[in-house]
Amino acid sequence: MESLKSEFPIFANAEKEGRTFIYFDSASSTQKPQSVIDAITEYYGGYYANVGRGLYWPATQASNEYAKARDKVRNFVGAKSAKEVIFTSGTTDAINKVANAVLLPTLEADDQVLVSEMEHHSNFVPWQQACIQKGADLKVIPLTTAHTIDLAALKATLNSKVKFVAITAVSNTLGTKNDIKIIVRLAHAVGALVLVDASQLTLSERIDVQKLDCDFLTFSAHKLFGPTGIGILYGKQALLERAIPFSYGGGMVALVNQDETTFADLPAKHEAGTPNIAGAIGLGAAIDFVESIGVAQIAKHNAALRTYTVHLLNQIEGVNLLAEDAGDASILSFTMEGIHPHDIATFLAEKGIAVRAGHHCTQPLLKSMGLPATVRLSFSVYNDQREIEQLKTALEEIKSFFG
Amino acid sequence: MTEKLKQLYKTQILKHAQNPFNEGKLEAYTHLIKAYNPVCGDQFDLYINIVDQRVIEASFTGYGCAISKASTSVLAKHILGKNKAEIAVFVADFLKLLDPNGPQPLEEITSDEELMAFAAAREFPERLSCANLAWLALVKELFPD
């Protein structure tokens, strides 16, 4: 697949200004294609109104587009019904909502919640805090030497006290992928619910929540070419119906009396207040963009770039690639002997190359690997081999600068 | 970065990062200062021994990038012999060096190239928290108000 750089205006704009911009930080957030920017602008400039209430034409059109966006998401993740698709402000928001509205009301002292050692802090802290609040146990499943969730350890830990299992599908630090289907099956066998953090999965493989059989799945729009401030919580209909409302307010009610309130049906029940309409429409456009290329094609492109990077960086002495064998990933972390990741990132930034250095919000993972920080590269549809060659040259310069 | 700063970065910051001043614990100390940057995970323990109101010994342990390590090393070296009032002035001057809106030319602040090198942080605002990490922790400990 050719690089799709021309669809992303930031690159042409940077060039116009004479600035180099090589973006290897898509796991943090992807750049935005023109089609997504246009969809948001068209809404604000062409048919702006609130959704769900107005009887005039922009309100009707806005409501239609908002509903269409939800249906695009439903199709994107393979949900049975659009009722199972809840808009949130992002993955973090979605996880907090499940922890608060699904887990907390039923969690009891001595219950157990499982997470893995590779979780992003956003899929770790909410569960940890829920456990602390109720005197429950948070268990952290270790990883194998291949840096994926140790299924034997998971199996050994699962028991009838485990109420919830929250796991990421793909490590945002290493790019390694967990076998979600098996994890869900094992967890369900002891009656535990499973939430999948799919933040890094959406462009890695076609998601099918029915095949995965997970109870909840969440991702953020901004990691798949959509806007910030909008994300998705997929939940099985029965569970979303059983859960207490995520928050209370306008738009999520049926009947309000002084003494009691009847709540609206799904999905409105869990979406109090005026939603992020532009965000949802932008996400819809982003999904159109992804579907027009195909998730499999994108994943193949990214994996090929990763393989090429492994090949080139292995030629530099002192570079230590982490989880080098996670071949079909779009994320590659590394360290360089004697040079701190932040120093590497600063020098690359000087050359217009954007990477991320730090713990990537996965302190437990890095602690387990004995590393305070890594440099993380992550690839997307606007990257190409030439950029990776430039990266290699820059790293060689850094090495001689610090050497 | 200007060529001069680049040179200074190379000669001074890397010198201290690779061969830091007095790295290790002190056996006797009056202050143990923990400097931790939660954003990047850099962390240093700064040991200071103040006798008769003057710093007679300083050392540090810990881990961080070249800038944070060198700045901790330079701090430990330069506060030797100083009393609290002198430290206050010294730290304030150093923070001016890091400030993008601070005085120009840098010679107005210091002629010491070892310190001047950190003005490189003026051009990397996101690295400011590396350059001032130990320094702000020291201020918090010695001047809690």
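A, B, ... follow the sequence lines: proteins, then strands. Residue 1 opens every chain. In this text, all values refer to a predicted model and were calculated from it rather than measured experimentally. What's counted below: heavy atoms across the whole structure, side chains too, no hydrogens, waters or symmetry copies.
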Side chain / backbone / both / neither for B/Gln18 at chain A, heavy atoms under 4.5 Å: side chain
Exceeds 12 heavy-atom contacts within 6.0 angstrom, atom CD of A/Glu337: no
Residue among B/Cys130, B/Gly64, B/Ser68, B/Ala17 with most heavy-atom pairs under 4.5 Å to chain A: B/Gly64
Proximal component of B/Ile67, with respect to chain A [non-hydrogen, under 4.5 Å]: both
Side-chain H-bond candidate by donor/acceptor type, A/Ser378 with A/Ser26, under 3.5 Å: no
Derivation of the ring pair (Phe, Tyr, Trp, His ring centres under 6.0 Å) call for A/His340 and B/Tyr63: CA-CA 9 Å; A/His340 190 281; B/Tyr63 182 88; 5.4 Å; yes
Heavy-atom pair count under 4.5 Å with chain B, highest-scoring of A/Pro372, A/Gly358, A/Ala373: A/Pro372
Ring pair (Phe, Tyr, Trp, His ring centres under 6.0 Å) partner of A/Phe21, chosen from A/Phe11, A/Phe8, A/Tyr382: A/Phe11
